[in-house]
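Step one of this worksheet: look at the structure below.
A, B, ... follow the sequence lines: proteins, then strands. Residue 1 opens every chain. Scope of the values below: all heavy atoms of this structure, side chains included, with no hydrogens, waters or symmetry mates.
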Amino acid sequence: MPPVRRSARVNEFAKKATRSCKSGESHTTTALSNDAKIYGYWLMKAEPESRIVKGKDVKFSIDDLYEMKDSTSCWDGVRNYEARNIMRDKMKIGDKVLFYHSNCKTPGIAGTATVVREAYPDYTAFDPEHPYYDPKSKADVPKWFMVDVKFESKFSNIIPLSALKGYQELKDMVLIKRGRLSVQPVKAGEYDFILKLGNK
DNA sequence: GCCAACGTTGGC
DNA sequence: GCCAACGTTGGC
């Protein structure tokens, strides 16, 4: 299962589900005072090109985010522990997110978003019909979590991964050193540098 | 708790 | 569509 969020279309019925999902704030954030402030910047990957999983299209691009109601979406479908832990334990309202397009013709950073809701259970894991169903995650003991993000900006031109790799300033980016992590920390300096590239 | 086998990610 | 890198699973 890809550790990226799934489609906007599937998201519509998922949203209905969330209203009846009582477990929204059930997890507690604890013992984070030492490192919670280290990162306020993240990078999250989504697949902007169509890919069918269990009969449903899991594509989700920066444009798809923009087109959501309030330009806001849950970031479901992450099925990797490290990425989950970041969402569950670290991401806070107001944090900045680089929106990355992966597994596509031109992989790269497409724009920015902000965190508008902190971690709550990824209920898509509970639905056997859903592309990201996980029978090991139960509503009373959720295994997977997600946050909500809101569109902030679309770069005039996507910054391709190939270009990012060329900058000395970005040589230590998690994106470059650890290609497969789908939710990852970004340093403030990296974020600022990328914003300037994106707005050129 | 090691680690081989397996499955997925994601650039190319 | 290939396949290297790497995360997860499960036998022992």
Side-chain angles (χ1 to χ4, degrees), chain A residues 1-11 14 39 41-65 73-91 97-113 119 121-138 141-147 149 154-155 157-187 190-191 193-194 197-198:
Chain A
M1 251 180 286
V4 293
R5 59 104 45 235
R6 58 168 176 71
S7 76
R9 202 169 74 72
V10 174
N11 199 46
Y39 299 114
Y41 301 93
W42 313 95
L43 179 147
M44 302 176 92
K45 297 182 187 174
E47 299 184 40
E49 294 176 2
S50 287
R51 192 166 64 83
I52 305 302
V53 180
K54 292 174 74 170
K56 290 173 181 126
D57 193 346
V58 297
K59 108 179 185 72
F60 193 72
S61 67
I62 187 86
D63 292 323
D64 292 325
L65 176 60
S73 175
C74 57
W75 201 274
D76 54 350
V78 172
R79 298 290 181 267
N80 167 278
Y81 292 110
E82 191 170 355
R84 176 205 67 182
N85 291 348
I86 289 171
M87 290 198 296
R88 189 188 59 187
D89 305 335
K90 304 288 180 73
M91 294 182 84
V97 174
L98 297 172
F99 194 113
Y100 183 86
H101 284 176
S102 75
N103 199 19
C104 58
K105 189 156 176 265
T106 306
I109 299 171
T112 65
D122 182 344
Y123 45 75
T124 68
F126 309 145
D127 175 4
E129 303 302 311
H130 198 281
Y132 296 150
Y133 174 58
D134 180 357
K136 291 182 189 162
S137 186
K138 302 290 181 189
V141 192
K143 181 174 172 186
W144 303 114
F145 289 80
M146 59 187 174
V147 298
V149 304
K154 181 182 175 179
F155 291 158
N157 294 104
I158 192 167
I159 311 169
L161 177 63
S162 58
L164 295 169
K165 284 178 174 170
Y167 293 105
Q168 179 69 14
E169 292 89 337
L170 303 178
K171 69 173 170 40
D172 294 326
M173 271 194 88
V174 176
L175 182 68
I176 288 157
K177 292 187 138 177
R178 291 192 52 201
R180 292 181 58 176
L181 189 61
S182 67
V183 176
Q184 55 180 255
V186 173
K187 292 191 184 73
E190 293 165 345
Y191 186 88
F193 186 80
I194 287 163
L197 291 178

query = Within a radius of less than 6.0 Å around NZ of A:K143, do more than 12 heavy atoms belonging to other residues, nucleotides or ligands occur?
reply =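 Enclosed.
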
ask   = Could you write nucleotides 5-11 of chain C as a row of B, S and -, 5' to 3', where a protein heavy atom under 4.0 Å of any base atom gives B, of only sugar-phosphate atoms gives S, and otherwise -?
value = BBSSS--

Counterpart residues, ring-ring contact (aromatic ring centres under 6.0 Å, His included), relative to A:F155 (two or more places apart) =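 Here no residue qualifies.
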
message = Are A:T106 and A:H101 packed together at the side-chain level, in the sense that at least one heavy-atom pair is separated by less than 4.5 angstrom?
response =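 Answer no - side chains too far apart.
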
query = Which heavy-atom pair separates A:W42 from A:P185 by the least distance, and what is that distance?
reply =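 In this case the closest contact between A:W42 and A:P185 is CE3-CA, 3.6 Å.
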
Derivation and outcome, side-chain hydrogen bond (donor to acceptor under 3.5 Å, both in side chains), residues A:S61 and A:D64 = CA-CA 5 Å; A:S61 67; A:D64 292 325; 3.2 Å; yes

query = So, the side chain of A:K45 versus the backbone of A:Q184: is there a donor-acceptor pair under 3.5 Å, distance only?
reply =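 Looks like no, no N/O pair under 3.5 Å.
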
inquiry  = Exactly one of A:Y81, A:Y123, A:Y132 should register a ring pair (Phe, Tyr, Trp, His ring centres under 6.0 Å) with A:W144. Which one does?
reply    =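 Running ring pair (Phe, Tyr, Trp, His ring centres under 6.0 Å) over A:Y81, A:Y123, A:Y132 with A:W144 returns exactly one hit, A:Y81.
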
inquiry  = Expected output is a numbered-order residue list: members of residues 104-112 of chain A with a heavy atom under 4.0 Å from any atom of DNA chain B. What is it?
reply    =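 Within this stretch, A:P107 sit under 4.0 Å of the strand.
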
